[in-house]
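The structure under discussion appears below in the form of structure tokens.
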Amino acid sequence: MMHAEASAILDQLVPALRQAQHVVVLTGAGISAESGLPTFRDPMTGLWAKYRPEELGTPQAFRQNPRLVWEWFAWRRELVQAASPNPAHQALVAWEQYVPQVTIVTQNVDGLHQYAGSSRVIELHGNLRRFKCFEDNQPVTEWPTTDDIPPHCPRCGGLVRPDVVWFGERLPEQALHDALAASKQADLFFSIGTSGTVEPAASLPYRALDRGATVVLSNLEVPNRATPPLYYLNGQAGILLPELLQRAWPASKAHKTITNHDA
Ligand code: BV8
């Protein structure tokens, strides 16, 4: 059930969405929660219960215990491979039919935006399904099948690691450049399903605000508040985004397929 205040804010956002030339959407783990993937705030379960994500997601942790870190990411890869995009991902794809440019800037490493069909996705923190060499950071697509965990780079024998950005590591230059450029060009900027605690991603909404964009911060913590050009919208992305699609473009067939999919 949507909160009345959230519904009122959605109504205020409809004209901005209809008139937008370039919508940028920053996403975090919360947009994949309704696909069954744990967020970083959800207590880690099972084997991983005694660790904090920040502990396992660092080059130091990998140097200290490569097998532990490799297996943590292997576990997350299994979860991701079993997951499908949800109505929030699908609504963002449908927006592309009506808005000249929609750019997704994601902190997620699950690839679900591309899987849903979004045509312009900037991966700030890499992707779980890709690998690279821990020594030279160059991509690794195959390796000799041995019992070694992690496997070894076929070029230099170094350890293979997931192609994700660990804490303390620099973001991919092109991705960060494109994300900053898009944030400065956006006339409407959404931050969906992120706690906004990790930099430099967390600063992007404020870069857009500084450039005069309308900015919407939405997750399950913020209060519903409209202080234009900044809006706070509380609620599940899988409900809010299809609803906004429906209100902005009532004739949209996409809305029916998206919502029925889950009925
Ligand atoms: C770097 C990939 C520099 C791997 C990740 C300035 C100040 C302070 C600290 C720093 C700073 N600058 C840099 C730092 C350090 C650090 C940082 O920010 N630390 C934080 C913890 C304070 N940043 C870095 O280390 C970055 N690198 O700065 O390099 C540098 C420069 C030169 C030379 C060398 C280095 C690298 C950061 C990237 C780390 N990698 N991920 C992996 O996935 O394991 S970060 C990872 O954590 C995610 O990608 C994401 O970014 C973050 C988790 O945040 P969220 O996605 O927001 O998830 P969270 O669980 O926190 O929140 C979920 C939200 O969803 C909640 O709000 C909830 O309400 C909401 N929600 C839940 N369900 C729903 C929902 N919303 C809607 N619908 C629902 N259904």
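Any value given below was found using the heavy atoms of this structure, including those in side chains, with hydrogens, waters and symmetry copies removed. Atoms within each ligand, like the ligands themselves, are counted from 1 in listed order.
- Judged purely by atom type and a 3.5 angstrom limit, Thr58 has no side-chain atom pairing as donor or acceptor with the backbone of Phe167.
- Scanning all protein heavy atoms for the shortest distance to atom 38 (C) of ligand 1 gives His125 NE2, 3.6 Å.
- Looking at Ser119 and Glu96, their side chains do bring a donor and an acceptor atom within 3.5 Å of each other.
- Residue Phe40 has at least one N or O atom closer than 3.5 Å to an N or O atom of ligand 1.
- With a 4.5 Å cut-off on side-chain heavy atoms, Val99 and Leu188 do not count as touching.
- The presence of a protein heavy atom under 4.0 Å from atom 15 (C) of ligand 1 is ruled out.
- Two residues are said to be in side-chain contact when any heavy atoms from C-beta on lie closer than 4.5 Å; Val25 and Trp95 meet this criterion.
- For atom 78 (N) of ligand 1, the closest non-hydrogen atom of the protein is Ala237 N, 2.9 Å.
- Some N or O of Gly193 is nearer than 3.5 Å to an N or O of ligand 1, by distance alone.
- By the criterion of a heavy-atom distance under 4.0 Å, both the backbone and the side chain of Glu199 are placed next to ligand 1.
- Considering backbone and side-chain N/O of Thr194, one or more are found under 3.5 Å from N/O of ligand 1.
- The protein non-hydrogen atom at the shortest distance from atom 44 (O) of ligand 1 is Arg76 NH1, 2.7 Å.
- Considering only heavy atoms from C-beta on, Val164 stays 4.5 Å or farther from Asn127 through its side chain.
- Contact analysis puts Gly30 in contact with ligand 1, with a non-hydrogen atom separation below 4.0 angstrom.
- Of the possible donor and acceptor atoms, one in the side chain of Asn86 sits under 3.5 Å from a partner among the backbone N and O of Ile31.
- For atom 9 (C) of ligand 1, the nearest protein heavy atom is 4.0 Å or more away.
- Gln101 and Gln185 share no donor-acceptor pair across their side chains, judged by distance under 3.5 Å alone.
- Checking atom 5 (C) of ligand 1 against the protein gives a heavy-atom contact under 4.0 Å.
- With a heavy-atom cut-off of 4.0 Å, Thr39 touches ligand 1 through backbone and side chain alike.
- Inclusion of Phe73 in the set of residues having an N or O under 3.5 Å from an N or O of ligand 1 is not warranted.
- Among Val69, Thr197, Thr27, the residue whose heavy atom lies closest to atom 22 (C) of ligand 1 is Thr197.
- No side-chain donor-acceptor contact under 3.5 Å links Asn234 to the backbone of Pro223.
- Remark: ligand 1 atoms within the under-4.0 Å shell around heavy atoms of Gly168 are 24 (C), 25 (O), 34 (C), 35 (C).
- Counting heavy atoms closer than 4.0 Å to ligand 1, residue Ser195 contributes atoms from both its backbone and its side chain.
- The shortest separation from a heavy atom of Ser218 to ligand 1 is not under 4.0 Å, leaving the residue out of contact.
- No side-chain donor-acceptor contact under 3.5 Å links Asp110 to the backbone of Val80.
- Protein heavy atom at the shortest distance from atom 66 (C) of ligand 1 is Glu221 OE2, 3.5 Å.
- Remark: the backbone N or O of Tyr232 is not paired with any side-chain donor or acceptor of Arg225 at under 3.5 angstrom.
- In terms of N/O distances under 3.5 Å, ligand 1 is not approached by Val109.
- Crowding of Tyr115 atom OH: a count of heavy atoms from other residues, nucleotides or ligands under 6.0 Å not exceeding 12.
- The ligand atoms of ligand 1 that sit less than 4.0 angstrom from a heavy atom of Ala33 are 73 (N).
- When heavy-atom distances to ligand 1 are checked against a 4.0 Å cut-off, Glu169 comes that close only through its backbone atoms N, CA, C and O.
- Considering backbone and side-chain atoms alike, Phe167 places every N or O at 3.5 Å or more from each N or O of ligand 1.
- Contact analysis leaves Gly238 out of contact with ligand 1, as no non-hydrogen atom separation drops below 4.0 angstrom.
- Nearest protein heavy-atom contact of atom 37 (C) of ligand 1 is Val198 CG1, 3.5 Å.
- Atoms of ligand 1 found under 4.0 Å from any heavy atom of Asn219, numbered from 1 in the order shown, are 67 (O), 69 (O), 70 (C), 76 (N).
- Because its NZ or CZ atom is not both nearer than 6.0 Å to the ring centre of Trp143 and within 45° of the ring axis, Arg161 does not count as a cation-pi partner of that residue.
- For atom 80 (N) of ligand 1, the nearest non-hydrogen atom of the protein is Glu34 OE2, 2.8 Å.
- Looking only at distances, no side-chain donor or acceptor of Glu135 sits under 3.5 Å from a matching main-chain atom of Cys156.
- You'll find the side chain of His152 reaches within 4.5 Å of the side chain of Leu159, heavy atoms only.
- Taking the six-membered ring where the residue is Trp, Phe134 and Trp166 present perpendicular rings, their angle passing 60° and hence far from 30°.
- Protein heavy atom nearest atom 39 (C) of ligand 1, with residue, atom name and distance: Val165 O, 3.4 Å.
- Looking at Pro139 and Asp163, their side chains never come closer than 4.5 Å, going by heavy atoms from C-beta outward.
- Here is the list of ligand 1 atoms found below 4.0 Å of a heavy atom in Gly235: 77 (C), 78 (N).
- Of all atoms in ligand 1, listed by their number and element, those nearer than 4.0 Å to a heavy atom of Gly28 are 56 (O).
- The main-chain N or O of Lys184 is never found under 3.5 Å from a side-chain atom of Arg207 such that the two would form a donor-acceptor pair.
- Leu220 CD1, 3.4 Å is the protein heavy atom nearest to atom 73 (N) of ligand 1.
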